[in-house]
Amino acid sequence: MVDSVTRAPRFRFAPSPTGFFHVGGARTALHNWALAQRLGGTFVLRIEDTDEARNRPEWTQGIIDALAWIGISDEDPHFEGPHFQSEFANAHVAAAEQLYESGHAYYCDLSGEEVQQRAKDLGVTGYDGYSRDRGLGPGPGRVLRFRVPDGTTVVDDLVRGEVTFDNSTIEDFVLLRGNGTPVFILANVVDDIEMEISNVVRAEEHLPNTPKQQMLFEALGHEPPAWAHVPVLVNEQRKKLSKRRDKVAIEQYRDEGYLADAMVNYLMTLGWTLPGAEESGSEIAPWSEMAQAFRLEDVTHSPAFFDLQKLAAFNGDYIRSMPLDEFVAAASADLPPDWNRARFAEIAPHIQQRLVTMRDVPGTVDFLFLPDGAEIEYDEKSWDKAMKPDWAVALLRDVRGAYAALDAWDAAALKESIEATMATYEIKLGKAQAPVRVAVTGRSVGPPLFEAIEVLGRDEALRRIDLALGHLE
RNA sequence: GCCCCCAUCGUCUAGUGGCCUAGGACACCACCCUUUCAAGGUGGCGGCACGGGUUCGAAUCCCGUUGGGGGUGCCA
């Protein structure tokens with residue numbers, strides 16, 4: 001029995017630290033994670049550390065934190081790492097030497113400008129293989145280039161099937177720079193070999209580089225990993241999501257009150273559908289279910305638009321399905337410290353089903369937490385519209401009187417009371433509540449009125465109605 | 001320029017030659033419910049890029065066109 005057949009698969013996730021974690025990267029991480037969990041394999045985190053990143057350890061930590069947020073925890077037995085590309089620096093150079101000695105690579109003393117000049121003169125694109133047979137040895141300023149063999153390279157991709165590249169379209173690419181340091185493509189392949197990576201699942205933008213890497217694996221005497229290239233995420237212009245134009249930092253969504261579960265669920269629907277989603281009439285499903293069902297063969301081939309509206313819809317759905325105590329706890333964490341938590345807990349069930357993000361919470365209930373004796377800030381449009389009817393002032397007065405005389409102070413009694421009052425004006429509750437709502441909350445929209453007034457308490461409610469009445473005179 | 005990938009409602013997708021009068025989700029519209037706003041319910045609008053083949057039969061297979069994207073560094 002051959003070892004490699006029975007060995008558990010190892011998936012590598014290799015983000016480059018740039019100070020934030022890209023939503024596209026998050027989705028790819030999720031793909032790798034689902035596969036590692038379902039197949040009993042390992043998710044290997046490898047940081048493609050650069051000089052700049054090395055000086056900023058917080059960047060790496062940011063990636064680890066973001067991964068943890070979407071449920072990829074470094075505490076999990078399926079998780080390995082982080083590893084750093086720099087750990088294998090010696091192996092990179094050793095591999096380059098091996099390639100040189102086996103004749104798979106050769107040195108070249110042409111500078112970048114000279115290569116370009118030759119290409120121009122010869123009317124070809126890129127490097128023309130000038131030093132292939134010049135027998136140059138290593139030396140300062142000389143780069144090591146890979147001797148691309150004749151023929152074709154077939155990349156067997158789990159998402160796309162076989163992709164064939166004509167080797168004549170691939171130039172003899174650089175392995176070692178003039179200063180002797182390895183370039184990314186070599187480092188990457190060597191890292192994969194060193195870390196015994198069996199599966200590479202990454203974004204489609206890497207597909208054109210894959211034949212080069214595959215040739216490197218072969219020249220180094222190793223089986224290439226199983227490749228899988230998933231489609232990229234795009235913006236409304238159908239361009240690959242970029243930091244400059246688009247909101248791509250996953251940390252930002254976290255800070256804006258999106259729930260990790262909603263984000264994970266939405267990300268997974270891009271390019272893939274959970275079998276059975278159509279029958280159930282919903283794309284909302286727990287991670288455990290998606291991880292068990294995820295298959296690379298089922299991933300779509302075309303780019304997907306990252307749709308904020310749909311994310312928002314998912315988020316609202318997830319907020320609504322939270323157990324009340326969990327919702328209260330989560331929401332309370334981000335409330336101003338001086339807001340009464342018990343009071344918030346009373347109104348919480350009435351706002352939970354009206355939210356898009358958790359960040360909307362304070363703005364929805366802030367009218368309940370005004371300092372003692374504070375003025376009410378009225379929304380101008382709301383005020384004008386609510387107080388315009390000729391019956392508005394009289395009704396407000398009547399309601400004030402009725403509320404002052406009320407025995408029981410609860411939502412039901414509050415509602416009955418206003419219903420009795422409005423009957424004399426022959427208007428419906430929908431209209432009658434408007435002046436009261438604006439007087440008490442300052443706005444025309446918000447949580448259910450009578451529940452809010454109950455929470456507010458009689459003294460404060462009456463004070464606010466008096467305040468409004470005062471403005472109306 | 002060259003190479004590679006892609007192409008179903010506005011968006012994300014189901015669909016692997018007959019089950020398709022092309023299904024679902026988000027968005028949008030209408031109605032119902034209703035204490036504002038949501039949520040929920042019901043219904044509606046809306047798509048196989050185009051042209052050739054192959055086949056008894058094509059959204060599905062082949063070729064071409066067009067359109068989009070990505071890659072082409074001594075960046076990662």
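In what follows, every chain begins at residue 1, and chains take the letters A, B, ... in the order their sequences are listed.
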Side-chain atoms of A/A313 come closest, of B/C74, B/C26, B/C3, to B/C26

Out of B/U36, B/G24, B/U13, minimum distance to the side chain of A/V445 belongs to B/U36

Separation of B/A76 atom P from A/Q213 atom CD, nearest Å, is 13 Å

A/V189 and A/K212, any side-chain heavy atoms less than 4.5 Å apart: no

When rounded to the nearest 0.5 Å, the distance separating CG of A/L267 from CZ of A/F314 is 10.5 Å

Quiz item: Is there a donor N/O on one and an acceptor N/O on the other, under 3.5 Å, for the side chain of A/K310 and the base of B/A27?
Solution: no

task = Ignoring backbone atoms, establish whether A/H301 has a side-chain N or O less than 4.0 Å from OP1 or OP2 of B/C6.
result = yes

**Asked** Can a side chain N or O of A/R202 be found less than 4.0 Å away from OP1 or OP2 on B/A76?
**Response** no

On RNA chain B, more 5' by nearest nucleotide between A/H206 and A/F314 is A/F314

Side-chain contact check for A/L207: nearest option of B/C5, B/A25, B/U36 is B/C5

With the side chain defined as heavy atoms from C-beta on, A/R160 is closest, among B/G71, B/U35, B/C6, to B/C6

Taken to the nearest whole Å, CG/A/N209 to P/B/A76 is 12 Å

Checking N1-N3 plus N6-O4 or O6-N4 for Watson-Crick, or N1-O2 and O6-N3 for wobble, each under 3.5 Å, the partner of B/C2 is B/G71

Rounded to whole Å, the CG-P distance (A/N188 to B/G71) equals 16 Å

When rounded to whole Å, the NZ to P distance for the pair A/K212 and B/G73 reads 6 Å

ask   = Looking only at side-chain N and O atoms, does A/K240 come under 4.0 Å of OP1 or OP2 in B/G71?
value = yes

Picking from B/C4, B/C12, B/C74, the nucleotide nearest the side-chain atoms of A/V163 would be B/C4

Regarding the side chain of A/E204, the nearest nucleotide among B/U36, B/U35, B/G69 is B/G69

Taking B/A39, B/G69, B/A76 as options, the one with an atom nearest any side-chain atom of A/K239 is B/G69

Ranking B/A14, B/G70, B/C74 by distance to the side chain of A/V174, first place goes to B/C74

Scanning all shown strands, the Watson-Crick or wobble mate of B/U54 with both distances under 3.5 Å is none

Across every strand shown, the nucleotide meeting Watson-Crick or G-U wobble geometry with B/C45 (both distances under 3.5 Å) is none

Closest to the 5' end of RNA chain B, once A/E419 and A/G141 are matched to their nearest nucleotides, is A/E419

TODO: Could you tell me whether the side chain of A/R238 has a donor or acceptor atom within less than 3.5 Å of a complementary atom in the base of B/U11?
DONE: no

Picking from B/G40, B/G70, B/U13, the nucleotide nearest the side-chain atoms of A/T273 would be B/U13

Exercise. Quick one: does A/E279 reach the base of B/G24 with a side-chain donor-acceptor pair under 3.5 Å?
Worked result: no

Distance between P atoms of B/C29 and B/C45 (Å, rounded) | 16 Å

Given the options A/T50, A/D191, A/D49, A/Q85 meets side chain to side chain donor-acceptor pair (under 3.5 Å) only with A/D191

Whole-Å distance, A/W383 CH2 to B/U36 P, equals 21 Å

In whole angstroms, the gap separating P of B/C37 from CG of A/D366 amounts to 19 Å

Closest of B/A27, B/A38, B/A76 to the A/Q353 side chain is B/A38

When rounded to whole Å, the CG to P distance for the pair A/D298 and B/A14 reads 8 Å

Here the gap from A/I70 atom CD1 to A/M263 atom CE, rounded to the nearest 0.5 Å, amounts to 9.0 Å

Pairing partner of B/C26, by Watson-Crick or G-U wobble and under 3.5 Å for both distances, is B/G10

Spell out, as yes or no, whether a donor-acceptor pair under 3.5 Å connects the side chain of A/R400 to the backbone of A/L462. no

Atom CG of A/D157 and atom C1' of B/G70 are separated, to the nearest Å, by 14 Å

Check: Would one find a side-chain N or O of A/R177 under 4.0 angstrom from OP1 or OP2 of B/C75?
Finding: yes

- Query: Any side-chain heavy atom of A/R320 within less than 4.5 Å of one from A/L355?
  - Reply: no

Are the side chain of A/R145 and the backbone N or O of A/S131 linked by a donor-acceptor pair below 3.5 Å? no

